[in-house]
Amino acid sequence: MEQFSSLHTRGSSHGGSRITRRAYNKPFYVHMMDEAYRMWDQIEREGKTKLYTNTGILVFGPRTSPDLKKTIASLHINEVEHEVLTAEEAMLRYPHQLDLPFDHKCVFERDGGTLLATKAVSVIQRLFTEGGGELLDGHRVKEIAPGPIVRVTTNNGDFTTRRLVVTAGPWAPTIMAQLGVKLPFKFSIRRAEVFYWRVEHPELYSADTFPSVILYDDTHHPFYAMPICEYPGLVKICPYATVCVDPDSRDEQISPRVEDIQPYVAKYFKGVSTTPSIYEACIITKTPDEHPIIDRHPGHSNIVFGAGFSGHGFKLSPVMGKLLCELAMDLPPSHDLTPFRLDRFNKHSSKL
């Protein structure tokens, strides 16, 4: 059940592209990405549609950056193929694109790349319906009544089910609260600012000549960049989600904060305009530790939540969906769910 249309732009999974990587500083994500890559390949084959482009990914920052150190350590521990480069070595590799301070360090992961977001959602929905599933657009959930048989009331009628999976994006906090799930924190619902910048020489920023990029800056304002793959002649360079919003009125919020990213574009990239050509936005729902919740309702085991994906969800979505299915069907989880349990925030939270 979807409150908007099946390919809407109100949540976290629309738009042209998303970075895909094993270059995480948490080993459990690295393990999950191993399976995610296999599952994306399966989705491409079954859907007969190319979704993934292998560009490689370059993660860089000051040598003292804790996040960069953890990322390199995680890749090493998990035996992921990678190269550690000095800033000078990285600039020799990308002499016409990058301008890095010499106190920076880089790690290059060969398997990183980009996923086509809206196209991937469309393919997955098509495979779902071809397999017998039904997508109900325009069904805004008004109430959920727990029990052995769960009743879901929407603006388009009532539905009953023995098992329910709730993946409501920025609206998940509202639904969880209505179901009596008490958490000792508030989800942080943020608008991700997405900017596209014109380049002087598009051939230097194509997927064949330029990798995806993540910067851990010493001012604690990381950003990411992606080669041209959506709009001709435009490279994607964006800050991580910055502005808190209400998901029901996000388009009425303040104007884009281009000043958050302009200094980085001017400092690190060559031949890129200092003014963005296109602005887009999506919503990111964060938990305090920036790891999602994948768990059952503490009092109703036939209701399962997937919430607060904190910017990790899209690349991992086949695995996340599999885990949610396993929970709903009382199957052994294929990955350790300890990092994603509800009670990690409060071991003494009430069991309803």
Side-chain angles (χ1 to χ4, degrees), residues 1-3 6 11-13 28-29 31-32 35-36 39 121 124-125 127-128 131-136 139-154 158-185 187 189 247 284-347 349-352:
M1 295 177 209
E2 168 59 58
Q3 64 175 320
S6 55
S12 306
S13 300
F28 54 83
Y29 285 131
H31 295 313
M32 295 172 80
E35 183 174 19
M39 295 182 77
V121 174
I124 290 169
Q125 289 178 348
L127 293 175
F128 173 71
E134 185 178 1
L135 293 172
L136 301 178
H139 284 65
R140 187 181 182 97
V141 174
K142 300 168 67 176
E143 183 182 2
I144 300 173
I149 301 298
V150 182
R151 179 175 294 277
V152 181
T153 300
T154 78
D158 290 4
F159 300 83
T160 56
T161 178
R162 288 177 296 140
R163 303 165 193 262
L164 178 71
V165 178
V166 178
T167 53
W171 292 271
T174 300
I175 291 179
M176 293 174 75
Q178 289 173 351
L179 286 170
V181 177
K182 299 177 181 178
L183 293 172
F185 71 91
F187 287 89
I189 300 171
I284 292 179
T285 306
K286 290 190 174 188
T287 62
D289 62 7
E290 300 194 353
H291 306 314
I293 293 169
I294 303 174
D295 206 347
R296 295 183 176 91
H297 188 292
H300 303 282
S301 61
N302 58 342
I303 298 177
V304 174
F305 296 112
F309 286 93
S310 304
H312 308 305
F314 196 91
K315 65 184 76 64
L316 286 162
S317 54
V319 179
M320 296 295 187
K322 180 181 177 181
L323 288 169
L324 290 165
C325 177
E326 289 166 345
L327 278 177
M329 300 301 292
D330 296 324
L331 299 172
S334 50
H335 293 271
D336 181 13
L337 293 180
T338 302
F340 312 123
R341 288 176 56 87
L342 268 166
D343 63 5
R344 72 185 189 269
F345 299 107
N346 183 353
K347 295 297 183 181
S349 60
S350 59
K351 303 297 184 181
L352 303 181

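- Interatomic distance, CE of Met176 versus NZ of Lys182, reported as 13.5 Å (0.5 Å rounding).
- Using a 4.5 Å heavy-atom threshold, the side chains of Arg151 and Thr161 count as separate.
- Summarising the geometry of Glu134 relative to Phe128, their closest heavy-atom pair is N-CE2, 3.5 Å, with the distance given to 0.1 Å.
- For Glu2 (side chain) and Leu135 (main-chain N/O), no donor-acceptor pair under 3.5 Å exists by modelled atom type.
- Between Met39 and Pro318, the shortest heavy-atom distance links the atoms CE-O, 3.4 Å.
- At least one side-chain heavy atom of Arg140 sits under 4.5 Å from a side-chain heavy atom of Trp171.
- Although no hydrogens or angles enter the test, the distance criterion places a donor-acceptor pair under 3.5 Å between the side chain of Asp295 and the main chain of Leu342.
- Interatomic distance, CD1 of Ile293 versus CZ of Phe305, reported as 9.0 Å (0.5 Å rounding).
- Between Phe185 and Pro288, the shortest heavy-atom contact is CD1-CD, 3.3 Å.
- Applying the side chain to side chain donor-acceptor pair (under 3.5 Å) definition to pairs two or more places apart or across chains, those involving residues 327-336 are Glu35-His335, Arg163-Asp330, Arg296-Asp330, Glu326-Ser334, Asp336-Thr338.
- Nearest heavy atom pair, residue Val165 against residue Ala328, reads CG2-CB, 3.9 Å.
- Using a 30° and 60° split on the angle between ring planes, Phe340 and Phe28 fall in the perpendicular class, above 60°.
- For the pair Val150 and Thr160, the minimum side-chain heavy-atom distance is 4.5 Å or more.
- Atom NZ of Lys322 sits about 13.0 Å away from atom CD1 of Ile294, to the nearest 0.5 Å.
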Going through the distances and angles, do Arg344 and Asp289 end up as a side chain to side chain contact (heavy atoms under 4.5 Å, CB included)?
CA-CA 10 Å; Arg344 72 185 189 269; Asp289 62 7; 2.7 Å; yes

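- Contact check for Val152 versus Val141: side-chain heavy atoms found under the 4.5 Å cut-off.
- Shortest non-hydrogen contact noted between Gly169 and Thr285 is C-OG1, 3.7 Å.
- For Phe309 and His291, the gap between ring centers reaches or exceeds 6.0 Å.
- The closest donor-acceptor contact from the side chain of His300 to the backbone of Asn302 lies at 3.5 Å or more, if one exists at all.
- Side chains of Asp343 and Pro298 form no contact here, defined as non-hydrogen atoms less than 4.5 Å apart.
- The OG atom of Ser301 sits 10.5 Å away from the CG atom of Leu327 when rounded to the nearest 0.5 Å.
- Put simply, the side chain of Pro148 does not reach to within 4.5 Å of the side chain of Arg162, judged on heavy atoms.
- Judged by distance alone, with hydrogens and angles left aside, the side-chain atoms of Arg341 form no donor-acceptor pair with the main-chain N or O of Leu337 at under 3.5 Å.
- How far CG of Leu179 is from CG of Leu164: 8.0 Å, rounded to the nearest 0.5 Å.
- For Ser310 against Lys286, the heavy-atom pair with the smallest separation is OG-CA, 3.4 Å.
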Side chain to side chain contact (heavy atoms under 4.5 Å, CB included) for Val304 and His297? Distances and angles first, verdict last.
CA-CA 6 Å; Val304 174; His297 188 292; over 6 Å; no

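- Residues Phe159 and Leu136 form a side-chain contact, since some pair of their non-hydrogen atoms from C-beta on lies under 4.5 Å apart.
- The OG1 atom of Thr174 sits 7.0 Å away from atom CD1 of Ile189, with the distance rounded to the nearest 0.5 Å.
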